[in-house]
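Reminder, nothing fancy here: chain letters follow the sequence lines and each chain counts from 1.
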Number of protein chains: 2
Amino acid sequence: MSDTREEILNLAEDLIRTKGYNAFSYRDISVPLNIKNAAIHYHFNSKADLGKAIINRTRQNLVKESNLWKDLSPVEQLNKFISIYEKSLLRNQICFMGALGPSYETLPEQMQTELTLASEEIRAYLRNVLQRGLDNGSFNFTETVSEKADMIIASLLSSLILTRVTKENIFLQIRNTILKGV
Amino acid sequence: MSDTREEILNLAEDLIRTKGYNAFSYRDISVPLNIKNAAIHYHFNSKADLGKAIINRTRQNLVKESNLWKDLSPVEQLNKFISIYEKSLLRNQICFMGALGPSYETLPEQMQTELTLASEEIRAYLRNVLQRGLDNGSFNFTETVSEKADMIIASLLSSLILTRVTKENIFLQIRNTILKGV
DNA sequence: TTGCATACTTACTTGCAAGTAAGTATGTTT
DNA sequence: AAACATACTTACTTGCAAGTAAGTATGCAA
């Protein structure tokens, strides 16, 4: 994969996660990278293809990272999971689900499909971590694993959005509440 | 206030909450209402003014509604609060905070200000309900009131987004989990 | 040394976006 | 009856959006 292709992906992902898919243009990519708009089209036929590639890369990242973590305890894995959101916050980004989810209805079909697949994978991963934590006694919540997983994902997603809007560190508060509740 | 002005507000709010601020145009309003784009400009100088008016109206709605509920018990008030989100879901909308928050950085300054004010008011309202519920013994959670309020708001916000993306009724699950946890 | 693939640029098209200036119809006030 | 305000429409401008067709520089391969 050429450097340019990867730099386009990196920048476009940052733009999506700071401004949203419908608020960035090829100009926002071509000017900083010092290339022409047509160069973007050379690597990605359409904006939809670019968007799809970004979601797909993120999906693959979760697979790769969760593989690196597979021998960690459920508690440590939950912390790693939460740290993904913390890294976003430090870059002034929101998570890609929070960035793309609200405009789901406006997204090209291939992006919708990819995003729905991503949501399934994220939820399945966290359910697995929570179940193993229950099994080995390191977690002891009373909700179902599915309820708990969705509650954690939902609150983390919003925490990044609300940190922006309120100008308070909602993420920190939400993380504390999550950790107290497992 | 003329009918047209109100119809523009209603339709624009629906568009924001289904597609997002950056994904709708004056055409999406003028065509269904059978008016010209310039008629929108007659009522609202700019798209920013229209956006600001929508957030402001929503703020006033919360004041009005919470006033109607002021003699209800904390439990009933929490249910009323949650039902605001349920109504959004039934209209295939997400809440305005979930729709506008992710694109906060792209919003005109007057909309940002209005949105931040709205977030403060919503959080203050829910903190008040939760505190009174703790005081009269109808709630008994261990987190701080502030933590609990932000957790509830965050999870409700995301629940509407995730219901779209996952095609499962995440809202229902989140509501159950919230009600079990107070 | 010719040919071909890669990775672009140049130059262009089409279309829609927000916004504006000037005109018009209708009703109200003086 | 004249003047004015309200609530628009008509006709236009400017600008940027995605996308495309054709050309070019570089390097490797036969």
Rounded to the nearest Å, what distance is computed from the [atom1] atom of residue [X] to the [atom2] atom of nucleotide [N]?
X	N	atom1	atom2	result
A:Glu7	C:dA7	CD	P	14 Å
A:Leu33	C:dC8	CG	C1'	14 Å
A:His41	D:dT20	NE2	P	7 Å
A:Tyr21	D:dA17	OH	C1'	12 Å
A:Leu50	D:dA17	CG	P	15 Å
B:Asn22	C:dA17	CG	P	13 Å
A:Phe44	C:dA7	CZ	C1'	14 Å

Counting only side-chain nitrogens and oxygens, does [X] get under 4.0 Å of the OP1 or OP2 atom of [N]?
X	N	result
A:Tyr26	D:dA17	no
B:His43	D:dT6	no
A:Ser46	D:dA18	no

Got a salt bridge between [X] and [Y], using NZ or NE/NH1/NH2 to carboxylate O under 4.0 Å?
X	Y	answer
B:Glu120	B:Arg59	no
A:Lys80	A:Glu65	no
A:Glu143	A:Lys148	yes
B:Lys19	B:Asp28	yes

_Applying a 4.0 Å non-hydrogen cut-off, can you work out what A:Phe24 is touching in the nucleic acid: base, sugar-phosphate, or nothing?_
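If one applies the 4.0 Å heavy-atom cut-off, A:Phe24 turns out to touch the sugar-phosphate alone, with no base involved.
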*Stacked cation flag B:Lys47 on B:Phe24, 6.0 angstrom / 45 deg*: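 Yes - B:Lys47 lies over the ring of B:Phe24, closer than 6.0 Å to its centre and within 45° of its axis.
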*What string of B, S and - do you get for nucleotides 9-16 of chain C, 5' to 3', when a contact is any protein heavy atom under 4.0 Å?*
BB------
*Looking at side-chain heavy atoms only, is the closest gap between B:Leu160 and B:Glu86 below 4.5 Å?*
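B:Leu160 vs B:Glu86: side chains apart.
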*Which distance, rounded to the nearest 0.5 Å, do you find between the CG of B:Leu89 and the OG of B:Ser159?*
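The OG atom of B:Ser159 is 7.5 Å from CG of B:Leu89, to the nearest 0.5 Å.
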